[in-house]
A.B. asks: 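Mind looking over this structure? Questions follow.
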Amino acid sequence: MPSDATKADLRASLEEERASLRAQLAELGFGEDGGLDYDQNFADSSQVTAERGEAEALAKSLQETLSEVEHALAKFEENTYGTCESCGQPIAPARLEAKPAARFCIDCASRR
Ligand SMILES: [Zn+2]
């Protein structure tokens with residue numbers, strides 16, 4: 001289990017990541033409401049459609065990362081951060097430092 005100081009650092013970096021992901025989503029037009037902010041007049045242009053497809057794919061991956069980050073932050077509230085969600089064993093601090101949003105220990109992750 002990571003020390004409290006390490007956990008505080010990990011939490012801070014998760015909060016930073018969450019803020020940056022939200023900013024990137026907002027920039028793409030995917031704000032808090034999740035809606036797209038495109039001008040409907042250009043909706044039939046194939047170029048815009050292609051760009052929109054790319055933006056949606058990027059936004060989708062950002063949203064997935066964001067939900068992982070939010071999930072990890074929720075685990076701080078439940079005091080289960082740093083515990084594997086599969087076997088309940090502590091996740092190695094080195095793994096958490098490499099991937100603060102990790103949900104599983106290295107053994108369970110490699111088995112999945
Ligand atoms: Zn595990």
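For clarity, every value in this text was computed on a predicted model and none was experimentally measured. Note that these values count all heavy atoms, side chains included, but never hydrogens, waters or copies made by symmetry. Ligands are counted one by one from 1 in listed order, and the atoms in each one are counted from 1 as well.
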A.B. asks: So, does T65 use its side chain to make a donor-acceptor pair with the main chain of S61 at under 3.5 Å?
C.D. replies: yes
A.B. asks: Shortest non-hydrogen contact from C87 to C105?
C.D. replies: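 Closest heavy-atom pair between C87 and C105: SG-SG, 3.8 Å.
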A.B. asks: We want to know whether S3 and T6 form a side-chain donor-acceptor pair, criterion being a heavy-atom distance below 3.5 angstrom.
C.D. replies: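 Distance-only check passes for S3 and T6.
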A.B. asks: Regarding E17 and S13, do their side chains bring together a donor and an acceptor under 3.5 Å, going by distance alone?
C.D. replies: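 Looking only at side-chain atoms, S13 and E17 do not form any donor-acceptor pair under 3.5 Å.
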A.B. asks: Strictly under 2.8 Å of the Zn ion (ligand 1): which protein N/O/S atoms qualify?
C.D. replies: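 Near the Zn ion (ligand 1), below 2.8 Å, one finds C84 SG, C87 SG, C105 SG, C108 SG.
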A.B. asks: Kindly confirm or rule out a cation-pi arrangement of R112 over F104, judged by NZ or CZ under 6.0 Å from the six-membered ring centre and within 45° of its axis?
C.D. replies: yes
A.B. asks: At their closest point, which heavy atom of R103 faces which heavy atom of K75, and how far apart are they?
C.D. replies: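 Looking at all heavy atoms of both residues, the closest pair is O-NZ, 3.9 Å.
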